[in-house]
Amino acid sequence: MLVAGFLPAAASAVPDGEPAPGSAERIALWPQGLAPGDKPLSQPQRIVERSEDPALPDRFIDHVSAPYLVVYRPAKANGDALLVIPGGGYQRVVLDKEGSALVPAFVDQGGITLFVLRYRLPGEGRTDREASLADAQRALRLIRHRAANWNVDPKRLGVMGFSAGGHLAARLGTGFDHPVYPATDAIDGESARPDFQLLIYPVIDMIGSDAHAGSRERLLGVDPSPELLQRYSLQMQVRPDTPSTFLLHAADDQVVPVGNSLLLYQSLQRVGISSEMHLFPQGGHGFGTRGTAGLTTAAWPRLALDWIASQRATSIGTRGQAQ
């Protein structure tokens, strides 16, 4: 499978559509494959294709023991990069609808380098509910540490998360310095704070009627304590150094209600975090860049790119003032 803007060598793809281990497009997160203190799951990693149309792949991955990034590079990089965290309800990680399908808009047209994360999931025999956050922190640090390899500006590195991946992205934005794994090498000396964050129909709340029950149960268990519910309700974790935030949601989302974005936006405003929110009347859940035909929701990639450009201008202006 070849995606526009992603041209691996002929021998670098494996049958599941992924770049081969060790190729330039596939970056292992941890030096030994496994995170510090982790062990392989009893079930092997698998990738499942749900689409019957080869032109519209719809894969997901689960049982990830050795997390990694897949890199999509533009022909002419503008210096911006996004750590992309797809959704899947903390049950699976969607690879195409919220991963490779972003390439035409964000890589080919936007000039942004994308790093799409295959992360460890809670459950699956794993007791560490911080494993996903550890992978997100490590990924951000790794990209920042090796930014020059991809013509990326280490001060223009954002995160974009979808659905439950939006919850993980927001956990990174509010918990980038939480110690969830032991430092292993020089990469872990880098900051894991994103310079900006884009949260697309994100899971945010774990307490109220807007909570996504499946994500909550997989992450926190069947009977979580009030303390856990509060800690993982991210509208309650916003802090003064939370990155500037772009929020996007459809009002008719019946899976992750729009109230999740509204709650976070209100918290961001209270703390004084620069934020922009776009609410569309239609789109449902999980629309990505494919499920928007005929809807005003189709405008969202352009809105996101314009917002990222505004963050770039702000960053450059701030650096100029510092000089």
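Values below: all heavy atoms of this structure, side chains included; hydrogens, waters and symmetry mates excluded.
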(message) Just to verify, what does Ala77 make a side-chain contact (heavy atoms from CB on, under 4.5 Å) with, not counting sequence neighbours?
(response) Pro74, Thr113, Asn151
(message) Using salt bridge (Lys or Arg N to Asp or Glu O under 4.0 Å), reason through Arg59 and Asp96 one step at a time and then give a plain yes or no.
(response) CA-CA 6 Å; Arg59 298 168 300 149; Asp96 295 305; 2.9 Å; yes
(message) Using side-chain heavy atoms (C-beta onward) and a distance below 4.5 Å, is Val116 in contact with Leu69?
(response) no
(message) Do Leu305 and Leu157 sit in one hydrophobic cluster, given that two such residues count as connected whenever their side-chain heavy atoms are within less than 4.5 Å of each other, even indirectly?
(response) yes
(request) Applying ring-ring contact (aromatic ring centres under 6.0 Å, His included), name anything that partners Phe106, two or more places apart in sequence or on another chain. (result) Trp300
(request) Return the minimal non-hydrogen interatomic distance between Val152 and Ala81, and the atom names on each side. (result) CG1-CB, 3.6 Å
(message) Checking Tyr181 now: which residues fulfil ring-ring contact (aromatic ring centres under 6.0 Å, His included) with it, not counting sequence neighbours?
(response) Trp30
(message) Between Asp153 and Gly79 (side chain of the first, backbone of the second, donor and acceptor by atom type, cut-off under 3.5 Å), is there such a pair?
(response) no
(message) Suppose we screen for side-chain hydrogen bond (donor to acceptor under 3.5 Å, both in side chains). Which residues come up paired with Gln32, at least two apart in sequence or across chains?
(response) none
(message) Regarding Lys155 and Asp80, does a basic nitrogen lie under 4.0 Å from an acidic carboxylate oxygen?
(response) no
(message) For the OG1 atom of Thr296 and the CD atom of Gln282, what is their distance to the nearest 0.5 Å?
(response) 7.5 Å
(message) Could you work out, with side-chain contact (heavy atoms from CB on, under 4.5 Å) as the rule, every residue matching Ser275, not counting sequence neighbours?
(response) Thr245, Tyr265, Leu268, Gln269
(message) Distance check, rounded to the nearest 0.5 Å: Gln137 atom CD versus Ser132 atom OG?
(response) 11.5 Å
(message) Any salt bridge linking Asp62 with Arg46? Criterion: basic side-chain nitrogen under 4.0 Å from a carboxylate oxygen.
(response) yes
(message) With a 3.5 Å distance limit and no angle check, can you tell me whether Asp306 reaches the backbone of Leu303 through a side-chain donor-acceptor pair?
(response) no
(message) For residues Leu228 and Leu219: do they belong to one hydrophobic cluster (side chain heavy atoms under 4.5 Å, members Ile, Leu, Val, Met, Phe, Trp, Tyr)?
(response) yes
(request) Provide the closest heavy-atom pair for Gln235 versus Leu263 in the form atom of the first, atom of the second, distance. (result) CB-O, 3.8 Å
(message) Could you walk me through whether Val271 and Thr242 satisfy the side-chain contact (heavy atoms from CB on, under 4.5 Å) test, starting with their C-alpha distance in whole Å, then the side-chain angles of each, then the deciding distance to 0.1 Å, before giving a yes or no?
(response) CA-CA 9 Å; Val271 178; Thr242 295; over 6 Å; no
(request) Go through Glu190 and His145 one step at a time and tell me if the side chain to side chain donor-acceptor pair (under 3.5 Å) criterion holds. (result) CA-CA 7 Å; Glu190 301 281 358; His145 190 74; 3.0 Å; yes
(request) Determine the minimum heavy-atom distance between Gln311 and Ser244, stating which atoms define it. (result) OE1-OG, 2.6 Å
(request) For the residue pair Ile308 and Ile112, establish whether any side-chain heavy-atom pair is separated by less than 4.5 Å. (result) yes
(request) Would you give the length of the straight line joining atom NZ of Lys76 to atom CG of Asp108, rounded to the nearest 0.5 angstrom? (result) 14.5 Å
(message) Applying a strict under-4.5 Å side-chain criterion to I, L, V, M, F, W and Y, I'd like to know whether Val159 and Trp307 cluster together.
(response) yes
(message) Do Leu262 and Val203 sit in one hydrophobic cluster, given that two such residues count as connected whenever their side-chain heavy atoms are within less than 4.5 Å of each other, even indirectly?
(response) no
(message) Just so I know, are the side chains of Arg156 and Arg312 near enough to count as touching, which here means a heavy-atom distance under 4.5 Å?
(response) yes
(message) Just to verify, what does Arg138 make a side-chain hydrogen bond (donor to acceptor under 3.5 Å, both in side chains) with, not counting sequence neighbours?
(response) Thr184, Asp185, Asp188
(message) Restricting to ring-ring contact (aromatic ring centres under 6.0 Å, His included), what partner residues turn up for His278, sequence neighbours left out?
(response) Phe246
(request) Calculate, to the nearest 0.5 Å, the distance between atoms CD1 and CD1 belonging to Ile27 and Ile143 respectively. (result) 9.5 Å
(message) Just verifying a value: how many Å separate Leu41 CG and Leu34 CG, rounded to the nearest 0.5 Å?
(response) 9.0 Å
(request) Compare all side-chain heavy atoms of Arg144 with those of Pro154 and state whether any distance is below 4.5 angstrom. (result) yes
(message) Quick check: do Asp205 and Leu264 have side-chain heavy atoms less than 4.5 Å from each other?
(response) no
(request) Check whether any side-chain heavy atom of Lys97 sits under 4.5 Å from a side-chain heavy atom of Arg290, and report yes or no. (result) yes
(message) Taking side-chain contact (heavy atoms from CB on, under 4.5 Å) as the definition, give me every residue that meets it alongside Ala211, ordered by chain and number, with sequence neighbours left out.
(response) Arg216
(request) Please check if the side chain of Ser261 supplies one atom and the backbone of His249 the other of a donor-acceptor pair under 3.5 Å. (result) no
(request) Verify whether one side chain among Arg26 and Ser23 offers a donor that lies under 3.5 Å from an acceptor in the other. (result) no
(message) To check you understand the geometry: which heavy-atom pair defines the closest contact between Ala169 and Leu199, and what is its length?
(response) CB-CD2, 3.7 Å
(request) Could you pull out all residues at least two apart from Asp241 that satisfy side-chain hydrogen bond (donor to acceptor under 3.5 Å, both in side chains)? (result) Arg239
(request) Determine, step by step, whether Leu95 and Glu18 satisfy the side-chain contact (heavy atoms from CB on, under 4.5 Å) criterion, reporting the C-alpha distance in whole Å, the side-chain angles of both residues, the deciding distance to 0.1 Å, and the verdict. (result) CA-CA 10 Å; Leu95 299 183; Glu18 293 287 87; 4.1 Å; yes
(message) Do Tyr201 and Leu279 land in one hydrophobic cluster if side-chain heavy atoms of ILVMFWY residues count as linked below 4.5 Å?
(response) no
(request) Kindly determine whether Leu168 and Tyr119 satisfy side-chain contact (heavy atoms from CB on, under 4.5 Å), including the steps that lead there. (result) CA-CA 10 Å; Leu168 179 52; Tyr119 55 94; 3.9 Å; yes
(request) Please list, chain by chain and in numerical order, all residues satisfying side-chain hydrogen bond (donor to acceptor under 3.5 Å, both in side chains) with His212, sequence neighbours excluded. (result) Ser215
(message) I'd like to know if the side chain of Gln237 and the backbone of Thr174 have a donor-acceptor N/O pair within less than 3.5 Å.
(response) no
(message) Strictly distance-based, threshold 3.5 Å: is any side-chain N or O of Asn260 a donor or acceptor partner for the main-chain N or O of Ile204?
(response) yes
(message) So Val84 and Leu117, do their side chains get closer than 4.5 Å, heavy atoms only?
(response) no
(message) Assess the residue pair His178 and Arg171 against the criterion (side-chain contact (heavy atoms from CB on, under 4.5 Å)); give the C-alpha distance rounded to whole Å, side-chain angles, the decisive distance to 0.1 Å, and a yes or no.
(response) CA-CA 10 Å; His178 291 177; Arg171 288 174 67 199; over 6 Å; no
(message) Suppose we screen for side-chain contact (heavy atoms from CB on, under 4.5 Å). Which residues come up paired with Ala250, at least two apart in sequence or across chains?
(response) Asp252, Phe287
(request) Identify the heavy atoms of Glu49 and Asp58 that sit nearest to each other, and give their distance. (result) OE2-N, 2.8 Å
(message) Does any part of the side chain of Leu82, heavy atoms only, come nearer than 4.5 Å to the side chain of Phe196, both counted from C-beta?
(response) yes
(request) State the CG-CG distance between Asp128 and Asp38, to the nearest 0.5 angstrom. (result) 7.5 Å
Donor-acceptor contacts under 3.5 Å from residues 87-94 side chains, at least two apart:
{"from": "Tyr90", "atom 1": "OH", "to": "His167", "atom 2": "ND1", "distance (Å)": "2.9"}
{"from": "Gln91", "atom 1": "OE1", "to": "Arg218", "atom 2": "NH2", "distance (Å)": "3.3"}

(request) Please report the closest heavy-atom contact between Ser163 and Val256, naming both atoms and the distance. (result) OG-CG2, 4.1 Å
